Amino acid sequence: MPTILSDKHLQGFIRDNEYKGIENQVKAAHQALHTKKGLGQEFTGWLTLPYDYDKDEFARIKTAAKKIQQNCDIFVVIGIGGSYLGARAAIEFLKSPNYNALCKDTPQIYYTGNSISSNALAELLEICEGKEISVNMISKSGTTTEPAIAFRVFRELLEKKYGKEGMKDHIFCTTDKAKGTLKSLADREGYETFVVPDDIGGRYSVLTAVGLLPIAVAGADIDALMRGAKEAADKFNNDDLYTNDCYKYAAIRNLLYRKGKSTEILVSYEPAFTLMNEWFKQLYGESEGKDNKGIFPASVIFSTDLHSMGQFIQDGSRNLFETVVLFDQCQREIIIGNDPENLDKLNFLEGKTMAYINRKACEGTILAHNDGGVPNIVLNVAKMDEFELGYLIYFFEKACAISGYLLGVNPFDQPGVESYKKNMFALLGKEGFEDRKAELEARLK
């Protein structure tokens with residue numbers, strides 16, 4: 001059973017007539033999205049991706065994944081933001097946050113190019129010493145600073161290790177279909193390439209080759225992933241707010257935002273969801289945070305963060321709401337045994353599963369936070385597998401687009417991200433930024 005939204009913990013926060021009030025806005029957002037007449041319409045290729053993805057490339061992805069599994073101990077994914085986050089989130093969710101310690105027939109997977117930390121890159125190079133290595137460089141242009149630095153370092157390492165000719169079998173580039181620095185380099189050197197679609201932005205790209213190659217290398221079933229996304233695309237292809245949970249979620253977010261609930265906390269009770277939280281924060285933060293508007297996306301993992309963030313959520317500023325992602329089945333189960341001495345006073349839990357205890361912790365927390373004035377949306381997910389993940393990814397992507405239109409922003413651009421880059425280039429002395437450099441250095445004195 002795919003994801004189901006429960007709004008029973010919104011009573012007292014949203015009235016029935018408010019859904020009626022936003023209904024026509026939702027219909028207009030649906031129309032703008034599906035007719036490609038809304039803001040950012042040139043980046044809506046993800047909308048039909050579960051139907052019209054390139055089947056030949058999909059087959060090449062699976063072939064390349066098998067090759068990588070056979071020829072390396074370590075697979076290095078180089079990318080930043082949407083170029084790596086979705087893949088990492090999916091792998092940790094489907095396999096384990098401890099994937100590198102537990103994997104047997106697939107290579108360890110490490111991620112770099114997502115910071116400019118010398119320490120982090122040096123540590124990864126040390127981990128790679130004496131190992132067989134393959135690299136996936138993910139960048140539409142090939143000139144994004146963070147991944148470009150890491151790729152330069154790894155190309156040098158691979159050339160020393162395998163030689164100019166041999167390194168071709170260990171480098172895979174996911175980039176523009178026809179142009180750009182990385183595409184030109186890959187064509188010249190003979191690296192296998194996969195496509196970053198022109199009409200899909202980075203944070204919406206996890207179901208393209210950007211995410212699918214690393215996910216397949218980890219041994220996940222990418223066919224099932226795409227089936228789940230297609231199921232969601234079918235399910236949410238209507239403008240009825242009352243039957244379309246995806247649109248209802250978008251509407252609820254905006255109704256709460258209009259009441260001053262400007263922070264959304266995505267909650268899960270599974271540590272394996274931690275990186276999915278990070279993917280969600282990029283998707284919604286980069287999509288909605290514009291024009292001095294937007295719901296600030298935050299996240300927690302309970303019950304862990306109940307011992308830290310729990311106090312603020314319960315009793316702090318009442319400008320927040322929670323969206324709880326709750327799984328009906330866990331992947332592995334542990335049953336609590338009996339301690340004859342009952343030193344820890346936990347024998348009342350004897351015979352109960354940890355999943356059951358986790359569920360009761362969730363239910364108790366929702367009720368407590370509700371009593372503390374925090375609205376809770378609950379997304380019930382059947383289990384932690386590829387089909388459900390594909391469904392959930394599409395659910396969040398489409399809800400984000402509709403929510404952005406309800407907010408009155410372009411959910412597919414990111415103009416603010418360019419500001420730091422221009423300042424960094426100027427301070428580093430990049431050609432063409434000379435005038436800006438003097439001004440910035442004066443401000444830093």
Side-chain angles (χ1 to χ4, degrees), residues 1-7 26-27 29-36 38 43-55 58 82 85-87 89-90 93-94 197 199-201 203-212 215 220-253 266 268 273 275-277 279-280 282-284 287 323-329 377-406 411-412:
M1 177 69 71
T3 303
I4 299 174
L5 183 149
S6 170
D7 61 357
V26 171
K27 290 180 182 294
H30 170 85
Q31 182 74 4
L33 182 63
H34 279 268
T35 59
K36 297 187 181 294
F43 293 107
T44 55
W46 56 271
L47 187 64
T48 57
L49 184 67
Y51 306 102
D52 58 18
Y53 62 91
D54 186 331
K55 307 304 188 296
F58 192 82
L85 195 50
F93 173 79
L94 294 169
D199 58 356
I200 300 178
R203 58 190 178 275
Y204 289 85
S205 67
V206 62
L207 297 178
T208 71
V210 171
L212 292 177
I215 294 169
D221 184 351
I222 60 174
D223 289 287
L225 192 72
M226 296 306 290
R227 284 198 301 273
K230 183 178 181 300
E231 176 94 358
D234 290 337
K235 179 78 171 177
F236 305 133
N237 190 18
N238 69 82
D239 65 0
D240 183 1
L241 171 62
Y242 300 97
T243 61
N244 186 329
D245 279 353
C246 177
Y247 286 15
K248 191 171 188 178
Y249 171 58
I252 289 168
R253 297 178 78 250
L266 191 67
S268 178
F273 204 78
L275 265 292
M276 283 299 298
N277 277 347
W279 173 81
F280 168 89
Q282 185 199 1
L283 177 64
Y284 280 80
S287 296
T323 297
V324 182
V325 181
L326 190 58
F327 298 98
D328 295 335
Q329 297 178 24
I377 307 163
V378 179
L379 302 177
N380 293 287
V381 184
K383 53 187 175 180
M384 300 171 68
D385 66 9
E386 288 89 343
F387 180 89
E388 295 291 346
L389 179 60
Y391 191 98
L392 189 62
I393 285 170
Y394 193 90
F395 173 95
F396 278 131
E397 287 180 345
K398 194 168 193 189
C400 185
I402 296 295
S403 185
Y405 282 165
L406 292 175
F412 308 115

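As the structure is a prediction and not an experimental result, all values here were calculated from the model.
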So do [Y] and [X] actually touch side chain to side chain, heavy atoms under 4.5 Å?
{"X": "Leu33", "Y": "Lys398", "answer": "yes"}
{"X": "Asp240", "Y": "Lys248", "answer": "no"}
{"X": "Asp239", "Y": "Asn244", "answer": "no"}
{"X": "Asn237", "Y": "His34", "answer": "yes"}
{"X": "Leu266", "Y": "Met276", "answer": "no"}
{"X": "Asp234", "Y": "Tyr51", "answer": "yes"}

Is Arg227 salt-bridged to Asp223, going by a charged N under 4.0 Å from an acidic O?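 The answer is no: the pair does not qualify as a salt bridge.
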Measure the [atom1]-[atom2] distance between [X] and [Y] for me, rounded to the nearest 0.5 Å.
{"X": "Phe412", "Y": "Asp199", "atom1": "CZ", "atom2": "CG", "value": "11.0 Å"}
{"X": "Ile377", "Y": "Thr323", "atom1": "CD1", "atom2": "OG1", "value": "3.5 Å"}
{"X": "Leu85", "Y": "Ser205", "atom1": "CG", "atom2": "OG", "value": "10.0 Å"}
{"X": "Glu231", "Y": "Glu388", "atom1": "CD", "atom2": "CD", "value": "9.0 Å"}
{"X": "Phe327", "Y": "Leu379", "atom1": "CZ", "atom2": "CG", "value": "9.5 Å"}
{"X": "Asn238", "Y": "Thr243", "atom1": "CG", "atom2": "OG1", "value": "4.5 Å"}

Closest heavy-atom pair and its distance - [X], [Y]:
{"X": "Leu207", "Y": "Leu212", "result": "O-CD1, 3.3 Å"}
{"X": "Ala401", "Y": "Trp46", "result": "CB-CZ2, 3.6 Å"}
{"X": "Asp7", "Y": "Leu5", "result": "N-CD2, 3.9 Å"}
{"X": "Ala399", "Y": "Cys246", "result": "N-SG, 3.3 Å"}
{"X": "Cys400", "Y": "Leu283", "result": "SG-O, 3.6 Å"}
{"X": "Glu397", "Y": "Arg203", "result": "OE2-O, 4.4 Å"}

Taking the six-membered ring for Trp and the full ring for Phe, Tyr or His, determine whether the centres of Phe236 and Phe395 are under 6.0 Å apart.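 Between Phe395 and Phe236, which both carry aromatic rings, the centre distance is below 6.0 Å.
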Aromatic rings Tyr284 and Tyr249: how do their planes relate, parallel, tilted or perpendicular, breaks at 30° and 60°?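 The arrangement is perpendicular - the two ring planes meet at more than 60°.
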Please say whether the positively charged group of Lys55, taken as NZ for Lys or CZ for Arg, lies over the ring of Tyr53, i.e. under 6.0 angstrom from the six-membered ring centre and within 45 degrees of the axis.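 Yes.
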Quick check against the 3.5 Å criterion: does Glu386 have a side-chain atom that pairs as donor or acceptor with the backbone of Ala224?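 Pair absent, no side-chain N/O of Glu386 close to backbone of Ala224.
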Under 3.5 Å: donor-acceptor pair, side chain of Tyr394, backbone of Leu47: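 Judged by distance alone, yes, a pair lies under 3.5 Å.
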If you count every heavy atom of other residues, nucleotides or ligands that lies below 6.0 Å from Lys235 atom NZ, does the total exceed 12?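 No, NZ of Lys235 has 12 or fewer neighbouring heavy atoms, counting only those of other groups under 6.0 Å.
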Kindly determine whether Val381 and Phe273 satisfy side-chain contact (heavy atoms from CB on, under 4.5 Å), including the steps that lead there. CA-CA 12 Å; Val381 184; Phe273 204 78; over 6 Å; no
